[in-house]
2 protein chains.
Amino acid sequence: MPRAGLSPAAVVDVALGVVDEQGPDSLTLSAVAARTGVAAPSLYKHVRNIGELRSLVARRVLEEMTDALGEAIMGRSGDEAVAALMQAWRRYAVNHPHRYAAMPPAPLSDPALAEAGGKLMTAALAVLRGCGLEGEAAVHAARCLRAAMHGFVVLEVAGGFGLPEDLDTTYRLLQKTMIDGLRQGA
Amino acid sequence: MPRAGLSPAAVVDVALGVVDEQGPDSLTLSAVAARTGVAAPSLYKHVRNIGELRSLVARRVLEEMTDALGEAIMGRSGDEAVAALMQAWRRYAVNHPHRYAAMPPAPLSDPALAEAGGKLMTAALAVLRGCGLEGEAAVHAARCLRAAMHGFVVLEVAGGFGLPEDLDTTYRLLQKTMIDGLRQGA
DNA sequence: CCAAAAAGCTATTCACATTAGCTTTCTGTG
DNA sequence: CACAGAAAGCTAATGTGAATAGCTTTTTGG
């Protein structure tokens, strides 16, 4: 019988499929193995363990999201860039809810994840510089922005907002609030 | 040999100990059984399954946190109450990081959890009424507030804020931003 | 063409959740 | 007080998933 032709990247591809369809908690080596037509232990030839696979998935997702955000803010500046950033953040999470949930909120001792996160931070700080925020003030502003965006989409994706009121309206209010807040800080 | 004298509540007590010391992911029936001096399967006499145990734990934590927030806002109103609410929210999470992480962001089909969450929502809406917000506007404001608080403490507790800048300062900025935002909406 | 690396596989171990079925301890009622 | 039945516990067993060991097959480079 011919080989499956796997590689770490291919395993991550399949893992992303599992995550998309069944959520991050269902990402198991058996599930990935079943989709690749390979026995579960064979996957250890490509990833060290399930933790590494999760890390690799998280990294891919973070990079993908960073790209999407980068595109969204490209060519914009000031409040408009902040609004675009917030919009793109939420759109990514809503379009890929399981992928978003597959990203840990912190790099947890994974240098590659930390680096990917650093790129996102750099992009955010660039946007804030366009709002007149630099140095320490920009760091505090970026944290607030991230907290607001992350908090909102985590709750939205998990179904944490029970009431029927329109979520787009809520998010618009959050955008306005944050943008006004940034203006204050500048 | 005498009985262990367990009960659903006692099992939850022990489970909270496990959560506090080893985090929500380490909450297993074996861990709880070991602490109670009982064999793991015996726990099924008190809880239906591990999922129910997690729900019961989450409910206890949510109620405990709701109490803490209720105390914090008691006797205050307006911006001061909002500031106290935000302060107490963060304090609870920082003092009990694993318990905070043990709460799912949504009731996920658990009516008891939903009810506990409803009480918290009621308290929040009461605070906002004191800021001149009612009806739909209050719902949108409450969501924004929750998103900001939850997002911040999730990231703080997980170690998601890498840089060395002072987190108290960041949170003060977030408080100010949200309070200004609420004033706008009113 | 062949040696060795790479990629698979089967068998096995361990942890945890869960079920089944048996035994022991309480408890309340005659 | 006795004892029947409920409640609470136990052991044994199953299923799933992670992980390791050691063997076999496929590639590939010289």
Side-chain angles (χ1 to χ4, degrees), chain A residues 1-60 98 101-104 108-110 112-113, chain B residues 1-60 98 101-104 108-110 112-113:
Chain A
M1 52 188 92
R3 287 203 182 165
L6 288 183
S7 68
V11 171
V12 172
D13 288 342
V14 175
L16 279 170
V18 175
V19 167
D20 280 336
E21 290 171 31
Q22 302 169 249
D25 292 347
S26 299
L27 176 55
T28 100
L29 289 177
S30 322
V32 172
R35 288 178 177 228
T36 54
V38 129
S42 304
L43 295 174
Y44 288 92
K45 298 287 175 174
H46 306 286
V47 296
R48 201 185 332 279
N49 51 41
I50 185 80
E52 188 187 63
L53 178 55
R54 284 182 200 283
S55 270
L56 291 172
V57 165
R59 182 174 154 194
R60 278 272 278 276
H98 293 317
M103 283 187 295
L108 291 179
S109 75
D110 179 334
L113 253 187
Chain B
M1 52 188 94
R3 286 202 183 168
L6 288 184
S7 68
V11 172
V12 172
D13 288 342
V14 174
L16 279 170
V18 174
V19 168
D20 280 336
E21 291 170 30
Q22 300 169 248
D25 291 348
S26 299
L27 176 56
T28 96
L29 289 178
S30 322
V32 172
R35 288 180 178 226
T36 54
V38 128
S42 304
L43 295 174
Y44 287 90
K45 298 287 176 176
H46 307 285
V47 297
R48 200 186 332 280
N49 52 40
I50 185 81
E52 188 185 64
L53 178 55
R54 284 182 202 283
S55 271
L56 292 172
V57 165
R59 182 173 154 193
R60 277 273 278 277
H98 293 316
M103 283 187 293
L108 292 178
S109 78
D110 179 333
L113 252 188

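All chains are named by letter (A, B, ...) in the order of the sequence lines, taking the proteins before the strands, and each is independently numbered beginning at 1.
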- Message: Contact between B/T36 and B/S42 at the side-chain level, heavy atoms closer than 4.5 Å - yes or no?
- Response: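 Not touching, per the 4.5 Å side-chain cut-off.
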
- Item | Beyond-backbone contact of B/P24 with B/V57, side-chain heavy atoms, under 4.5 angstrom |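 No, side chains not in contact.
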
Can you check the [X] [atom1] to [N] [atom2] distance for me, whole Å?
{"X": "B/E52", "N": "C/dT18", "atom1": "CD", "atom2": "P", "answer": "11 Å"}
{"X": "A/I50", "N": "C/dA15", "atom1": "CD1", "atom2": "P", "answer": "19 Å"}
{"X": "A/L43", "N": "D/dT20", "atom1": "CG", "atom2": "P", "answer": "14 Å"}
{"X": "A/L27", "N": "D/dA18", "atom1": "CG", "atom2": "C1'", "answer": "13 Å"}
{"X": "A/D25", "N": "D/dA18", "atom1": "CG", "atom2": "P", "answer": "12 Å"}
{"X": "A/N49", "N": "C/dT13", "atom1": "CG", "atom2": "P", "answer": "22 Å"}
{"X": "B/L53", "N": "C/dT18", "atom1": "CG", "atom2": "P", "answer": "10 Å"}

Measure from the side chain of [X], starting at C-beta and using heavy atoms only, and say which of [options] lies closest.
{"X": "B/S30", "options": "C/dT10, C/dA17, D/dA18", "result": "C/dA17"}
{"X": "B/Y44", "options": "D/dG9, C/dT19, D/dA18", "result": "C/dT19"}
{"X": "A/V38", "options": "D/dC10, D/dA18, C/dG8", "result": "C/dG8"}

- Message: Both B/R54 and B/K45 contact DNA chain C. Taking the nearest nucleotide for each, which residue is further toward the 5' end?
- Response: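 By nearest-heavy-atom nucleotide position, the 5'-most residue is B/R54.
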
Under 4.0 Å between a side-chain N/O of [X] and OP1 or OP2 of [N], yes or no?
{"X": "A/T28", "N": "D/dA18", "result": "yes"}
{"X": "B/H46", "N": "D/dA7", "result": "no"}
{"X": "A/S42", "N": "C/dA7", "result": "no"}

- Minimum heavy-atom distance B/A102-B/A58, with the two atoms named: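 Closest pair (atom of B/A102, atom of B/A58, distance): O-CB, 3.8 Å.
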
- Sorted by first residue and then second, give each salt bridge (charged side-chain N to carboxylate O under 4.0 Å, His left out) pair with at least one member in residues 33-48 of chain B; sequence neighbours left out.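 Only B/E21-B/R35, B/R48-B/E52 qualify under salt bridge (charged side-chain N to carboxylate O under 4.0 Å, His left out).
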
- Nearest-nucleotide comparison on DNA chain D, the residue closer to the 5′ end among B/P41 and A/G51: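 Its nucleotide being nearer the 5' end, the pick is B/P41.
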
- Message: Does B/L43 form a side chain to side chain contact (heavy atoms under 4.5 Å, CB included) with B/V11? I'd like the steps, not just the answer.
- Response: CA-CA 8 Å; B/L43 295 174; B/V11 172; 4.1 Å; yes

